[in-house]
2 protein chains.
Amino acid sequence: MKTVTIKDLARSLNLSTSTISRALRGSSEIGVETKKRVLELAQRLDYNPNPVALSLLSSQTNDIGVIVPEIANPFFAIVIAGIEDVAFAQGYHVVIYQSHEDYEREVLNVKHIYNRRKDGLLVSVSTSTKDYAHFKTIHERGFPIVFFDRICEEIDTHNVSVDDFEGAYKATEHLIKQGCERIAHVSGPAHLLISRRRLHGYRAALLDYGRPIQDDWVVAAAYNTTSALVATRGLLAKPERPDGIFASSDNIAIGCHSAITEAGLTMPDDIALVGFSDLPMAALLNPPLSSVAQPAFEMGRSAAELLINLIRNPREHSTSISNVLKTSLVVRKSSLRGTAVVKNDE
Amino acid sequence: MKTVTIKDLARSLNLSTSTISRALRGSSEIGVETKKRVLELAQRLDYNPNPVALSLLSSQTNDIGVIVPEIANPFFAIVIAGIEDVAFAQGYHVVIYQSHEDYEREVLNVKHIYNRRKDGLLVSVSTSTKDYAHFKTIHERGFPIVFFDRICEEIDTHNVSVDDFEGAYKATEHLIKQGCERIAHVSGPAHLLISRRRLHGYRAALLDYGRPIQDDWVVAAAYNTTSALVATRGLLAKPERPDGIFASSDNIAIGCHSAITEAGLTMPDDIALVGFSDLPMAALLNPPLSSVAQPAFEMGRSAAELLINLIRNPREHSTSISNVLKTSLVVRKSSLRGTAVVKNDE
DNA sequence: GTGAAAGCGCTAACAT
DNA sequence: ATGTTAGCGCTTTCAC
């Protein structure tokens with residue numbers, strides 16, 4: 001694993017290392033002839049500067065760390081694609097970390113990112129995180145952080161999210177317009193802001209349309225299918241069974257979907273169902289799942305732009321930017337009653 | 001972003017940096033009293049050794065690079081979980097790269113991994129890769145590489161795969177036993193070994209059971225849903241429509257699934273369908289998809305073990321290990337005719 | 001038991 | 001236009 005260094009070039013060419021260095025980086029104060037010889041030899045020997053040495057010198061790595069709960073969740077996979085899109089263009093490499101919804105793991109990830117001198121951090125917090133000290137500590141030391149999707153209000157830094165309230169409102173409104181009388185909500189963990197915002201949107205729509213708000217029609221689940229399946233079974237067992245469900249995420253909606261099918265009920269007639277995120281898999285379910293589409297790729301792009309900006313212009317103590325993106329409701333068969341044509345995007 | 005260095009400790013304690021260094025790493029030749037003072041101060045000041053400096057010194061990063069086509073593909077997401085499982089336990093951090101099935105991108109990834117001094121490479125090659133020079137070059141320089149899933153035969157190094165032949169054989173045999181007479185195969189790109197092996201398994205089963213092998217019942221698709229959808233439409237338009245399809249992957253099977261439904265045909269009666277990989281989503285389709293399950297997590301674990309072994313015992317010029325894992329057929333409704341009970345794992 | 005010095009690969013003053 | 005020196009943070013001879 002012998003690699004060629006700047007020293008090797010210097011020796012071969014009978015020049016000093018600084019001359020080589022300058023030639024390589026195209027400094028103007030170098031003999032054009034010398035420059036050519038250096039470049040040529042470097043090429044021939046496949047010289048590559050050692051980025052580790054560069055990092056030590058500049059104390060920056062050109063890496064940005066991204067922490068997501070799970071890469072297996074297509075939503076995050078797409079966000080990451082958006083992040084990579086702008087990071088790559090700006091010369092940064094993105095290093096992906098998974099918290100697996102585990103607080104301890106998240107803390108470890110943050111430490112690793114900070115200690116390994118990543119240039120900044122993009123993060124969507126884990127569901128089990130209730131204490132934000134690990135973020136706060138490095139934020140106070142001036143380490144650039146941008147939150148996305150599952151943001152943390154306690155820390156004053158840029159963040160990117162979608163208009164969860166409005167998305168939830170539109171979904172609920174749609175269910176009302178489909179003639180649902182008893183609309184339930186399968187929510188996410190209450191300490192996550194997105195859960196609360198979606199819950200508020202749901203409530204606001206019911207209120208605006210003069211529908212009763214029943215607390216026992218709101219059940220909480222973790223943001224996964226199994227947990228939602230269990231929660232929905234409980235909902236369906238109630239004497240006054242709901243005829244419409246707004247799920248706080250698509251993974252939750254899939255759990256609802258299974259529970260409904262399992263109970264021998266049909267969508268949308270017995271129960272109309274709407275999810276949140278519009279993952280690719282939504283269209284594959286039977287019946288296909290209506291869902292509030294989030295601009296995941298754009299979210300990634302925006303978060304990366306804000307972070308890179310923060311890295312390059314450290315703390316002008318300007319106020320933090322909250323970029324709130326728009327959602328759009330994609331109606332499919334799981335919620336569309338009657339004979340109207342189904343909007344199909346596949 | 002001021003961080004505390006070994007020098008700071010030295011100054012505070014009126015000791016030399018070498019003493020600090022020794023105390024920190026518990027060298028035995030240090031005064032027990034001094035050692036205590038150092039450790040305590042380090043603790044108090046939250047001292048963390050600069051890993052970049054360590055890397056420069058040792059020319060190893062404790063990072064291993066992993067290249068997969070897409071993290072959004074749950075199969076790879078699970079393999080990565082397996083990799084992280086053993087890497088983490090061995091003190092390595094895994095850095096994920098996506099080729100997005102793009103050759104150029106893969107080359108860039110390999111360069112980055114090599115130049116940034118990662119300790120080794122785990123890779124499942126992109127579909128568009130036909131030239132393996134980028135791997136060969138670094139392999140010849142002694143850089144540790146292990147291939148998994150989509151392996152490269154041209155390079156003599158460890159690799160981990162599943163018994164694609166047997167998996168395909170079992171799937172096809174199952175279709176035959178379900179009474180299918182005209183069994184088609186939607187294959188993957190022919191230059192990928194997994195595609196060819198699965199194709200061979202399919203052919204062998206037909207042969208063993210005395211079924212005719214018709215070349216026009218084999219169509220190739222990329223390993224994605226859209227491409228498979230198109231290919232399957234072609235298949236269904238044939239005068240002698242197949243009554244069974246073995247798909248070379250689950251993503252392909254989903255495309256088949258859509259095409260079949262779209263044509264107004266039913267599974268399993270009109271056409272029985274079997275996929276490959278048994279992704280979580282297979283069970284969610286309607287009807288649920290039968291599939292050849294791959295031990296993805298175990299594949300990741302094994303690949304990581306082999307790589308770490310290679311890193312720690314560089315090239316004893318021992319022969320390369322090919323670890324071939326077993327598959328198992330998961331039968332669901334998409335292929336199970338008659339009244340038998342469906343195995344349901346959800 | 002502890003310190004001084006060299007060096008990992010590179011760049012950036014500061015010479016000349 | 002090119003060479004010399006110092007230093008990024010750390011470990012490791014080699015001295016004493």
Side-chain angles (χ1 to χ4, degrees), chain A residues 1-42 45-63 91 112 114-119 141, chain B residues 1-42 45-63 91 112 114-119 141:
Chain A
M1 284 284 308
K2 180 65 194 149
T3 52
V4 23
T5 76
I6 221 170
K7 246 187 198 164
D8 300 323
L9 301 183
R11 208 174 311 116
S12 297
L13 262 37
N14 248 304
L15 289 168
S16 76
T17 58
S18 31
T19 304
I20 306 291
S21 173
R22 280 185 279 243
L24 254 18
R25 45 193 38 259
S27 165
S28 56
E29 42 168 25
I30 284 289
V32 63
E33 178 55 32
T34 318
K35 193 182 288 188
K36 208 163 80 182
R37 288 172 57 218
V38 172
L39 255 27
E40 199 186 279
L41 184 67
L45 263 45
D46 188 30
Y47 166 79
N48 282 96
N50 184 335
V52 179
L54 259 7
S55 288
L56 184 57
L57 212 49
S58 65
S59 56
Q60 55 161 43
T61 55
N62 292 319
D63 283 341
H112 195 273
Y114 181 75
N115 285 334
R116 297 280 282 242
R117 310 300 197 270
K118 305 303 178 199
D119 292 353
R141 294 189 193 169
Chain B
M1 283 284 308
K2 180 67 195 147
T3 53
V4 24
T5 76
I6 220 169
K7 246 187 198 163
D8 299 323
L9 301 183
R11 209 175 308 116
S12 296
L13 261 37
N14 248 302
L15 289 169
S16 74
T17 58
S18 28
T19 304
I20 305 291
S21 172
R22 278 185 280 243
L24 252 20
R25 47 193 37 259
S27 165
S28 56
E29 42 167 26
I30 284 290
V32 63
E33 178 55 32
T34 318
K35 193 183 290 189
K36 209 164 79 184
R37 287 173 55 219
V38 172
L39 255 26
E40 199 186 278
L41 184 66
L45 263 44
D46 188 28
Y47 166 78
N48 282 98
N50 184 335
V52 179
L54 259 5
S55 287
L56 182 58
L57 215 47
S58 65
S59 56
Q60 53 162 43
T61 54
N62 293 318
D63 282 341
H112 195 273
Y114 181 76
N115 286 334
R116 297 279 282 241
R117 308 300 197 269
K118 306 301 177 199
D119 293 352
R141 294 188 193 169

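To find a chain, count down the sequence lines: A is the first, B the second, and so on, and within it residues start at 1. Below, all heavy atoms of this structure are taken into account, side chains as well, without hydrogens, waters or symmetry copies.
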Q: May I have the distance from A:Leu56 (atom CG) to D:dT11 (atom C1'), rounded to whole angstrom?
A: 13 Å
Q) What integer distance in Å separates A:Asn50:CG from D:dC8:P? A) 18 Å
Anything under 3.5 Å between a protein N or O and an N or O of nucleotides 13-16 of chain C, put it in a table, one pair a line.
none

(Q) Please find the pair of heavy atoms, one from A:Ala10 and one from A:Ser16, that lie closest to each other, and give the distance. (A) CB-C, 4.0 Å
Q | Derivation of the side-chain contact (heavy atoms from CB on, under 4.5 Å) call for A:Ile6 and A:Leu24 | A | CA-CA 9 Å; A:Ile6 221 170; A:Leu24 254 18; 4.2 Å; yes
Q: Measure from CG on B:Leu24 to P on D:dC10 and round the result to the nearest Å.
A: 9 Å
Q) A:Thr34 near the nucleic acid: base, sugar-phosphate alone, or nothing, with a heavy-atom cut-off under 4.0 Å? A) sugar-phosphate
For residues 31-42 of chain B, run the donor-acceptor check on the side chains, cut-off 3.5 Å, and write out each pair with its distance to 0.1 Å, sequence neighbours left out.
{"residue": "B:Lys35", "atom": "NZ", "partner": "B:Ser27", "partner atom": "O", "Å": "3.1"}

Q: Go through the steps for A:Asp46 and A:Asn48 under the test side-chain contact (heavy atoms from CB on, under 4.5 Å), then give the verdict.
A: CA-CA 6 Å; A:Asp46 188 30; A:Asn48 282 96; 3.4 Å; yes
Q: Looking only at side-chain atoms of B:Ala53, point me to the closest of D:dC8, D:dC10, D:dG3.
A: D:dC10
Q. How many angstroms lie between atom CG of B:Leu9 and atom CG of B:Asn14, to the nearest 0.5 angstrom?
A. 13.0 Å
Q.
Distance check needed: C:dG9 C1' versus B:Arg116 CZ, whole Å only.
A. 15 Å
Q: Describe the nucleic acid contact of A:Leu54 in one word from base, sugar-phosphate, nothing, applying a heavy-atom distance below 4.0 Å.
A: sugar-phosphate
Q.
Whole angstroms only, please: what is the CD1-C1' distance between B:Ile20 and D:dT11?
A. 14 Å
Q: Give, for atom CG of A:Leu56 and atom CG of B:Leu54, the distance between the pair rounded to the nearest 0.5 Å.
A: 10.5 Å
Q. Which nucleotide in the list C:dG9, D:dG3, D:dC10 gets nearest to the side chain of B:Tyr47?
A. D:dC10
Q) How far does the helix from C:dG1-D:dC16 to C:dT16-D:dA1 bend, going by the axes of its first and last five pairs, to the nearest 10°? A) 50°
Q) Whole Å only: how far is the CZ atom of B:Arg25 from the P atom of D:dC10? A) 11 Å
**Q.** Pairs flagged by side chain to side chain donor-acceptor pair (under 3.5 Å) wherever residues 50-62 of chain A is involved - sequence neighbours left out
**A.** A:Thr61-A:Asp119
Q: From the options D:dG3, D:dC8, D:dT11, select the nucleotide whose nearest atom is closest to the side chain of B:Thr17.
A: D:dT11
Q) Who passes salt bridge (Lys or Arg N to Asp or Glu O under 4.0 Å) against A:Arg11, sequence neighbours left out? A) A:Asp8
(Q) Expressed as a whole number of angstroms, how long is the span from B:Lys36:NZ to C:dG1:P? (A) 17 Å
Q: Please list residues of residues 5-15 of chain B whose heavy atoms come under 4.0 Å from any atom in DNA chain C, ordered by number; otherwise none.
A: B:Asn14, B:Leu15
Q: Step by step, work out the side-chain contact (heavy atoms from CB on, under 4.5 Å) result for A:Ile20 and A:Tyr47.
A: CA-CA 11 Å; A:Ile20 306 291; A:Tyr47 166 79; over 6 Å; no
Q: May I ask you to verify if any side-chain N or O of B:Ser16 is less than 4.0 angstrom from the OP1 or OP2 atom of C:dG3?
A: yes
Q) Would you say the side-chain atoms of B:Ser18 and B:Ser21 include a donor-acceptor pair closer than 3.5 Å? A) no
Q. Within this structure, what is the CG-to-P distance between B:Asn48 and D:dG9, rounded to whole angstrom?
A. 14 Å
Q.
So, does B:Ser21 get its side chain near the phosphate of D:dT11, meaning an N or O under 4.0 Å from OP1 or OP2?
A. yes
Q.
Check A:Asp63 with A:Arg116, please: is the shortest side-chain N to carboxylate O separation under 4.0 Å?
A. no
